Amino acid sequence: MVSWRNLDTLEAYKKLLTLKDSVSLRDVLNGARIAEYSVPMAAGLTYNYAAKKVDKRVLQILQELADEQGLIEKYKALLNGEIINTGENRKVLHHLARGQQAGDVVYNGKNMRGFYEEQRLKIADFAAKVHSGEIKGSTGKKFTAVTQIGIGGSDLGPRAIYLALEKWAEKNNKKKMDAHFISNVDPDDAAGVVSSLNLEETLFILVSKSGVTQETLANELFVKSFLKKAGLNPSKHMIAVTSETSPLAGNPEYLASFYMDDFIGGRFSSSSAVGGAVISLAFGPEVFECFLSGAAEADKTALEQNILKNPALLDALIGVYERNVLNLPATAVLPYSQALNRFPAHLQQADMESNGKQVNRNGEPLSYATGPVVFGEPGTNGQHSFYQLLHQGTDIVPLQFIGFTENQTGEDVTVDGSTSQMKLCANLAAQIVAFAKGKDDENPNKRFPGERPSSLIYGKKLTPNSLGALLSHFENKIMFQGFTWNVNSFDQEGVQLGKKLTKEVLSGKMDETLSSYAKLLGI
């Protein structure tokens, strides 16, 4: 049995507090440290934390913290199917969807590993029939595009993955279909996407676990109206990804239904049918399998007890040190890869929806900070946007850089003696050092204080395998931080109140305050 304790009850945490800001990056950052403070990741990636404000003493206490809080034991309990989501009394099984775990998890007589694998194989078979033309649209034309209708985890993760692999797939002749996404209930979103499509050749994926998600069903009806106006049969142009108990399950209004369950939260569902359907249709099932393989490989590294050999756990613990000892309220994810342009948006939900909690797993108020604000933008675009505040603002924001030595397409140009990829990587290296060491100047306006901590995840090229490993790294980092803070990272009650009040507005049954704002907006 694992022991669930608040962070501030741990002896290791009390030790950490005595070491507050004991490392000067200006003094310690050098070539030897950069070589030493590095951990291999899955799929050929590497996690480098040389520019983090930690030293051997801090790392030793972080190891003690991991051991005292039983973080690996809690991860194993999750993998073994124990009830980890205490708010909803559920297991947490997204790791199982990508093949992780030595044993099986059984629920109500159902082998959950077998269930997830069955859905993956059904999707693969369906995708193959779509690609071959065996399954066609209502006018007999082959499908050439797929559009996912969903919101939150049904959109952010799958969209980020598709965009991350699109150019790679084109270069490697893996792209089968164009993919599009509709998420916002704002009708301009759906109208803008649909107007760009050849509806005769478009397959729509409706993703809703409950089958009653308001925004998603509104967009479904919106799309169906366009299909009908075009003289098309919507039931020949739509599939559903839902739970087996939802009104969408086995519904004749869809070409096929594929299933997920309550044990995989939306923000962790990219490894399930939620991501599997659109990625398998867009790039082929084998690409999705490679993505899952990279994620599963990273899941295994997360079982290592030694934090210096466990990049996800180390990243998580350094993040806790920054949040709770250095009192830094935010973190930025900065991929120097255009392919990852929506990856920070996905991590915003994955992290803030998971660990944005003020009570522990038992519903008791916490006296310490939990999840940070997460934001980001690809470099070098971000450098011309918000880096001013990061360099010279009054708040220090820890930074998570991601970079690759090669681009995905192989296309490049040499200008002034260097390629664009070299310029991109040069900017990345320069930013890490500039943030860490800063610059003195007689003119205060041109003075850079430095001491801005950052880490770097890097590899050769962004591929399905390395993308899966990257996603797993951050999912497991979030999980370990939640365990450390003793919060339930797998429910999201914070999104429910707004939904409830929205229904009150639309039903007309609302109080005076709500009614006043509704009138301002023409309702």
Side-chain angles (χ1 to χ4, degrees), residues 85 87-88 90 94 97 119 123 146-162 179-194 203-227 234-235 237-279 342 345-346 348-350 352-354 356 490-507 523:
N85 179 351
E88 297 170 311
R90 293 172 181 169
H94 55 275
Q119 296 309 306
I123 289 170
V146 56
T147 299
Q148 182 134 315
I149 305 172
I151 197 166
S154 300
D155 168 74
L156 289 164
R159 188 194 295 250
I161 292 168
Y162 172 77
H180 307 270
F181 298 84
I182 297 172
S183 59
N184 200 331
V185 76
D186 182 341
D188 287 344
D189 185 17
V193 173
V194 172
L203 177 66
F204 292 89
I205 307 173
L206 183 70
V207 184
S208 174
K209 185 189 300 183
S210 65
V212 295
T213 308
Q214 185 185 76
E215 298 97 328
T216 300
L217 295 186
N219 278 328
E220 178 196 20
L221 294 176
F222 198 75
V223 167
K224 282 183 173 179
S225 70
F226 276 91
L227 290 168
S235 68
H237 287 262
M238 282 195 169
I239 64 174
V241 175
T242 189
S243 68
E244 292 180 298
T245 58
S246 93
L248 307 180
N251 193 316
E253 293 187 18
Y254 306 97
L255 274 170
S257 297
F258 304 105
Y259 301 116
M260 51 178 164
D261 59 50
D262 288 333
F263 299 143
I264 298 180
R267 57 195 175 278
F268 299 106
S269 65
S270 294
S271 303
S272 73
V274 174
V278 65
I279 300 304
R342 291 297 290 171
H346 169 56
Q348 284 178 345
Q349 185 202 16
M352 292 198 284
E353 195 168 83
S354 295
F490 304 104
D491 66 1
Q492 55 284 329
E493 291 300 324
V495 304
Q496 302 304 323
L497 178 58
K499 290 182 179 181
K500 177 179 179 293
L501 294 180
T502 297
K503 291 180 179 178
E504 291 180 11
V505 172
L506 295 175
S507 69
I523 302 173

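Fair warning: this is a prediction, and the values are worked out from it, not measured in the lab.
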Where Ala190 and Phe222 come nearest, the two heavy atoms and their spacing:
CB-CD2, 3.3 Å
Whether Asp189 side chain and Asn184 backbone form a donor-acceptor pair below 3.5 Å
yes
Less than 4.5 Å apart, side chain to side chain, heavy atoms only: is that true for Val278 and Val207?
no
To the nearest 0.5 Å, what is the distance between CG on Leu217 and CD on Glu215?
9.5 Å
So, for Gly211 and Pro247, which heavy atoms are closest and what is the spacing to 0.1 Å?
O-CG, 3.9 Å
Before you tell me yes or no, could you show the steps for Val212 and Ser246 under side chain to side chain contact (heavy atoms under 4.5 Å, CB included), namely the whole-Å CA-CA distance, both residues' side-chain angles and the distance that decides it to 0.1 Å?
CA-CA 8 Å; Val212 295; Ser246 93; over 6 Å; no
If we only count heavy atoms from C-beta on, is the Gln148 to Val274 side-chain gap below 4.5 Å?
yes
Parallel, tilted or perpendicular: which fits the ring planes of Phe268 and His94, with parallel below 30° and perpendicular above 60°?
parallel
I need the Ile151 CD1 to Phe181 CZ distance, nearest 0.5 Å.
14.0 Å
Could you check whether any side-chain heavy atom of Ile279 comes within less than 4.5 Å of a side-chain heavy atom of Pro158, counting everything from C-beta outward?
no
Could you pull out the closest heavy-atom pair between Ala240 and Leu248, with the gap in Å?
CB-CB, 4.2 Å
Shortest non-hydrogen contact between Asp155 and Ser183, atoms and distance
CG-CB, 3.6 Å
Point-to-point distance, once rounded to the nearest 0.5 Å, from CE of Met260 to OG of Ser269
6.5 Å
Do the non-hydrogen side-chain atoms of Ile182 and Val194 ever get within less than 4.5 Å of each other?
yes
Measuring from atom OG of Ser257 to atom CG of Leu206, what distance do you get when rounded to the nearest 0.5 angstrom?
9.5 Å
Would you compute the distance between atom CD of Glu353 and atom CG of Asp491 and round it to the nearest 0.5 angstrom?
9.5 Å
Are the side chain of Lys209 and the backbone N or O of Ile264 linked by a donor-acceptor pair below 3.5 Å?
yes
Can you tell me if Gln119 uses its side chain to pair, donor with acceptor, with the backbone of Tyr259 under 3.5 Å?
yes
How long is the straight-line distance from OG1 of Thr213 back to CD1 of Ile149, given to the nearest 0.5 Å?
12.0 Å
When every non-hydrogen atom of Lys500 is compared with those of Glu504, the smallest separation belongs to NZ-OE2, 2.7 Å
Go through the steps to decide whether Thr502 and Gln214 satisfy the test side chain to side chain contact (heavy atoms under 4.5 Å, CB included), and finish with yes or no.
CA-CA 10 Å; Thr502 297; Gln214 185 185 76; 3.7 Å; yes
Heavy-atom nearest pair, Arg342 first then Ala160, reads O-CB, 3.7 Å
Donor-acceptor contact below 3.5 Å, side chain Asp261 vs main chain Ser243
no
Any donor-acceptor pair under 3.5 Å linking the side chain of Thr242 with the backbone of Ser208?
yes
